Amino acid sequence: MTRLLNSLLNLLRDARNRLDYPLRQLVRWQRAGFRIAPRLRGDPFAALPAEDRPSAMALADRLIRTYHLEDFAAQTTPINYRENLFYLHLLESALEATPISLPETVRAADVGPSHWFYVQALAAVLRWWQTPRPRQIDLQGYEIDAYRVYADLHSRYDHALGHIRGLTGVTYIPRGFSTQPAAFHLIFMLFPFVFPEDHLKWGLPANLFQPRALLRAAWQSLQPGGALIIVNQGKAEHHAQRALLEAEGIPIRAAFRHDPLLFRYSLDRFVLTACRHA
Ligand SMILES: C[S@@+](CC[C@H](N)C(=O)[O-])C[C@H]1O[C@@H](n2cnc3c(N)ncnc32)[C@H](O)[C@@H]1O
């Protein structure tokens with residue numbers, strides 16, 4: 001019975017999405033004026049259990065210093081600060097577990113960045129991971145639903161540009177990702193949809209749900225020696241993602257659950273990495 005109801009709900013979601021997704025693509029809503037309100041003073045880790053706070057603060061300090069995020073830390077909200085540090089810690093752990101060497105100029109793609117609330121972390125890790133001198137970066141975020149309109153009447157695109165602020169070498173691209181053979185050193189897939197229900201709930205039509213084809217496009221777009229970094233939420237997604245990698249013949253280099261010290265989500269975050277042969 002529940003199964004039947006869920007199928008029915010998904011059919012309704014698809015019918016709605018088949019109407020309003022193309023409409024969004026037609027209207028391409030953008031509005032100037034979205035700004036991140038700066039961080040208020042106070043302890044961003046106040047909500048953590050007392051025993052975790054010293055280690056969270058020490059880790060945050062190290063990340064801010066290593067990745068030169070002092071200005072960002074002073075100019076964002078407490079929640080965005082913590083989420084960026086969580087992503088930064090996760091991405092650093094993923095690179096260390098893989099491991100790869102990054103060239104002086106690194107080309108990277110993020111597949112499905114949504115409103116890119118974590119772009120500061122992503123750009124910082126590319127620029128400063130294991131190097132005393134900053135790298136040049138060319139970071140491209142491909143978002144298939146960039147014109148979704150939020151409650152503040154700004155689009156996802158507006159929010160993404162607000163989060164990018166002054167970052168150089170970072171571009172938000174309002175279209176779906178497709179294969180660009182051997183174009184990138186690194187490709188990120190941070191919470192790609194692996195179950196159709198999530199895809200539908202996020203407002204996309206069912207015919208765009210092609211997780212295996214998207215994974216293949218990402219893999220084929222890596223340079224030899226490049227790496228794919230995938231993050232999923234919860235064990236079920238993690239296992240489904242592993243099955244997709246196996247079905248595509250993509251060898252898994254590292255797989256781990258990320259330590260949630262800096263941000264507690266209801267579902268654990270799991271990392272998978274893969275390297276293309278040099
Ligand atoms: C669960 S969200 C993840 C957002 C973000 N990466 C994060 O870490 O919170 C998945 C995103 O992928 C986007 N997406 C889905 N299929 C895509 C495709 N083929 N190309 C680019 N973006 C896609 C969706 O619109 C959505 O914004």
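Just so you know, ligand 1 is whichever comes first in the structure, and atom 1 is the first atom listed for that ligand. On a predicted model such as this, the values are computed, not experimentally measured, just so you know.
On a distance-only criterion, Y87 and ligand 1 share at least one N/O pair closer than 3.5 Å. Where the criterion is an N or O separation shorter than 3.5 Å, residue side chain and backbone included, E143 meets it with respect to ligand 1. Polar contact with ligand 1: present for G112 (N/O pair, distance under 3.5 Å). Ligand 1 has no nitrogen or oxygen under 3.5 angstrom from a nitrogen or oxygen of P192. Of the N or O atoms in W202, none lie within a sub-3.5 Å distance of an N or O in ligand 1. Residue L190 places at least one N or O, backbone or side chain, under 3.5 Å from an N or O of ligand 1.
Set against the non-hydrogen atoms of S114, the atoms of ligand 1 under 4.0 Å away are 4 (C), 27 (O). Near G176, the atoms of ligand 1 lying under 4.0 angstrom from a non-hydrogen atom of the residue are 20 (N), 21 (C). When each atom of ligand 1 is checked for a heavy atom of Y142 under 4.0 Å away, the hits are 21 (C), 22 (N). Near R156, meaning under 4.0 Å from any of its heavy atoms, are these atoms of ligand 1: 25 (O), 27 (O). Annotation for ligand 1: atoms under 4.0 Å from non-hydrogen atoms of F117 are 9 (O).
Aromatic pair Y147/Y157: ring centres closer than 6.0 Å.
Residues passing the side chain to side chain donor-acceptor pair (under 3.5 Å) test with Q223, sequence neighbours excluded: H185.
The closest approach between a heavy atom of W116 and any atom of ligand 1 is not below 4.0 Å.
Classification of R264 and D52 as a salt-bridged pair holds, one side-chain N sitting under 4.0 Å from a carboxylate O. Under the 4.0 Å criterion applied to side-chain N and carboxylate O atoms, R135 and E104 are not assigned as salt-bridge partners.
Summarising the geometry of W29 relative to L153, their closest heavy-atom pair is NE1-O, 2.9 Å, with the distance given to 0.1 Å.
The nearest protein atom to atom 14 (N) of ligand 1, hydrogens excluded, is given as I144 CG2, 3.6 Å; this is a heavy-atom distance. The nearest protein atom to atom 1 (C) of ligand 1, hydrogens excluded, is given as F191 O, 3.1 Å; this is a heavy-atom distance. At the top of the distance list for atom 20 (N) of ligand 1, counting protein heavy atoms only, stands F177 N, 3.0 Å. Nearest non-hydrogen protein atom to atom 19 (N) of ligand 1 is L214 CD1, 3.5 Å.
In the model, S221 has no side-chain atom that pairs as donor or acceptor with a side-chain atom of T179 under 3.5 Å.
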| request: Given salt bridge (charged side-chain N to carboxylate O under 4.0 Å, His left out), test E237 with R242 step by step and report yes or no. | output: CA-CA 9 Å; E237 260 195 24; R242 287 186 87 120; over 6 Å; no
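For E96, the CD atom counts as densely surrounded, since its 6.0 Å shell holds more than 12 non-hydrogen atoms of other residues, nucleotides or ligands.
The cationic atom of R269 (NZ for Lys, CZ for Arg) lies less than 6.0 Å from the six-membered ring centre of Y265 and within 45° of the ring axis. Seen from the ring of F184, R107 counts as a face-on cation partner, given the 6.0 Å and 45° thresholds.
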